[in-house]
Visitor: 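Here you go, one structure.
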Protein chains: 2
Amino acid sequence: MDKSTLAREVTQLHAEICSALADPRRILMLYTLHECSRNVGDLAVEIGISQPATSRHLKILKQRGLVSATRKGASVEYALIDERLIQALDLLRAVLYDRLTQRANLVEEAANYTEW
Amino acid sequence: MDKSTLAREVTQLHAEICSALADPRRILMLYTLHECSRNVGDLAVEIGISQPATSRHLKILKQRGLVSATRKGASVEYALIDERLIQALDLLRAVLYDRLTQRANLVEEAANYTEW
DNA sequence: TAACTTTATTCGCATAACCGAATATATTGA
DNA sequence: TCAATATATTCGGTTATGCGAATAAAGTTA
């Protein structure tokens, strides 16, 4: 594998990590697991989705190396792998907030905007 | 709109930003635009994809508020909106590198692994 | 206006992602 | 082993995303 092929592979993996983040439930899961590790059932209740859906989302996060899974008796405890995932999410959220704030200011300034 | 509805909306937008990052070409575009702003044609050459594909990817990045577009005569110059997007991408790439390095070390340590 | 350059969009299609429902697997404890 | 609990997977169908090819639209210059 030559250098540019390697770079392409890494960028592909980079995109796969991002696509693991590209779902609101999975983002909530990561923030929730950042508080503390949890098993599937508790996480399902916390996020408000079904057990199979929770399990499938966790599988995706695990495949991409974002969470770890440890069996604890009958249940499986999932944990956030790396604090930097939260840092990255926070940065993106900050960009988002700036965008919303900016838009809100425009609305204030121009009262003829009735919806946005 | 109540508080939890708002939170859900924001998380949805958060996920939409992440999904804008969930493609290797778009990641390359953001890193490329971080060097300097470019028009569509130059970016297409740099990334190595067609002009229509480039335009479509840029449309997605623009819709999600990640790049800006400024017409400069016949061409349109695209620019990165926010440095923090690169910081976020770098953090995710660092997590990825750690994962790859860790895996490589395991391979070194256990010579009976022939593929990974 | 006509020819040219640059960018954006549409169309038809293929693939990937996601869901609910049902079911399978794993673990514990009686 | 059997019942109960916890987790994971499969199935079928829907929606979202991506592409190339063709075409439209916008801007420039003669």
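Each chain gets a letter, A, B and so on, in the order the sequences are listed, and its residues count up from 1.
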Visitor: Could you tell me the separation between the CG atom of B/L21 and the CD1 atom of B/I60, rounded to the nearest 0.5 Å?
Guide: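 So the CG of B/L21 and the CD1 of B/I60 are separated by 11.5 Å.
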Visitor: Report yes if a side-chain nitrogen or oxygen of A/Y78 is closer than 4.0 Å to either non-bridging phosphate oxygen (OP1 or OP2) of D/dA8; otherwise report no.
Guide: yes
Visitor: For A/L58, which contact category applies under a 4.0 Å heavy-atom criterion: base, sugar-phosphate, or nothing?
Guide: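 Nothing, no heavy atom under 4.0 Å.
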Visitor: Could you state the atom-to-atom distance from CD1 of A/I47 to P of D/dT7 in whole Å?
Guide: 14 Å
Visitor: Working to the nearest 0.5 angstrom, can you tell me the gap between A/M29 CE and A/L58 CG?
Guide: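 Those atoms lie 4.5 Å apart.
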Visitor: If we check side chain to side chain contact (heavy atoms under 4.5 Å, CB included) with B/R93, which of these qualifies: A/I17, A/T11, A/L13?
Guide: A/T11
Visitor: Figure out the CG/P separation between B/L43 and C/dA8, and round it to whole Å.
Guide: 11 Å
Visitor: Have a look at B/S50 and say if it touches a base, only the backbone sugar-phosphate, or nothing, with a 4.0 Å heavy-atom cut-off.
Guide: sugar-phosphate
Visitor: Can you figure out which of D/dT17, D/dA8, C/dC18 approaches the side chain of B/R64 most closely?
Guide: D/dT17
Visitor: Specify the separation, in whole Å, of atom CZ of A/R26 and atom C1' of C/dC19.
Guide: 13 Å
Visitor: Reckon A/H57 has a side-chain N or O less than 4.0 Å from the OP1 or OP2 of C/dC19?
Guide: yes
Visitor: What is the separation between atom NZ on B/K62 and atom P on C/dT7, rounded to the nearest whole Å?
Guide: 15 Å
Visitor: List every contact pair, protein side and nucleotides 27-30 of chain D side both N or O, where the distance is under 3.5 Å.
Guide:
from   : atom 1 : to    : atom 2 : distance (Å)
D/dG27 : O3'    : B/G73 : O      : 3.3

Visitor: Just by distance, no angles: are the side chains of B/R25 and B/T54 close enough, under 3.5 Å, to form a donor-acceptor pair?
Guide: no
Visitor: For a side-chain contact (heavy atoms from CB on, under 4.5 Å) check, start with the C-alpha distance between A/R26 and A/L66, then their side-chain angles and the critical distance, and finish with the verdict.
Guide: CA-CA 10 Å; A/R26 294 198 291 266; A/L66 275 50; over 6 Å; no
Visitor: Which atoms of nucleotides 9-13 of chain D (N or O only) lie under 3.5 Å from a protein N or O atom, and what are those distances?
Guide:
from   : atom 1 : to    : atom 2 : distance (Å)
D/dT10 : O4     : A/R56 : NH1    : 3.0

Visitor: To the nearest 0.5 Å, tell me how far A/L92 CG sits from A/Y97 OH.
Guide: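 If we round to the nearest 0.5 Å, A/L92:CG and A/Y97:OH are 13.0 Å apart.
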Visitor: Are any of A/R38's side-chain N or O atoms less than 4.0 Å away from OP1 or OP2 of D/dT7?
Guide: no
Visitor: Measure the distance from CG on A/D23 to C1' on C/dC19 and round it to the nearest whole Å.
Guide: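 So the CG-C1' distance, A/D23 to C/dC19, works out to 11 Å.
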Visitor: What is the distance, to the nearest angstrom, from the CE atom on A/M29 to the C1' atom on C/dC18?
Guide: 13 Å
Visitor: Within this structure, what is the CD-to-P distance between B/E77 and C/dT7, rounded to whole angstrom?
Guide: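 Rounded to whole Å, this separation is 10 Å.
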Visitor: Show every donor-acceptor pair shorter than 3.5 Å between a side-chain atom in residues 72-83 of chain B and any protein atom, with sequence neighbours excluded, or say none if there are none.
Guide:
from  : atom 1 : to    : atom 2 : distance (Å)
B/K72 : NZ     : B/E77 : OE2    : 3.4
B/S75 : OG     : B/K72 : O      : 3.3
B/D82 : OD1    : B/R84 : N      : 2.8
B/D82 : OD1    : B/R84 : NE     : 3.0
B/D82 : OD2    : B/R84 : NE     : 3.2
B/D82 : OD2    : B/R84 : NH2    : 2.6
B/E83 : OE1    : B/H34 : NE2    : 2.8

Visitor: To the nearest 0.5 Å, tell me how far A/I27 CD1 sits from B/Q12 CD.
Guide: 8.5 Å
Visitor: B/R25 has an atom CZ; how far is it from atom P of D/dT17, in whole Å?
Guide: 14 Å
Visitor: Which distance, rounded to the nearest 0.5 Å, do you find between the OH of A/Y31 and the CG of A/L89?
Guide: 4.5 Å
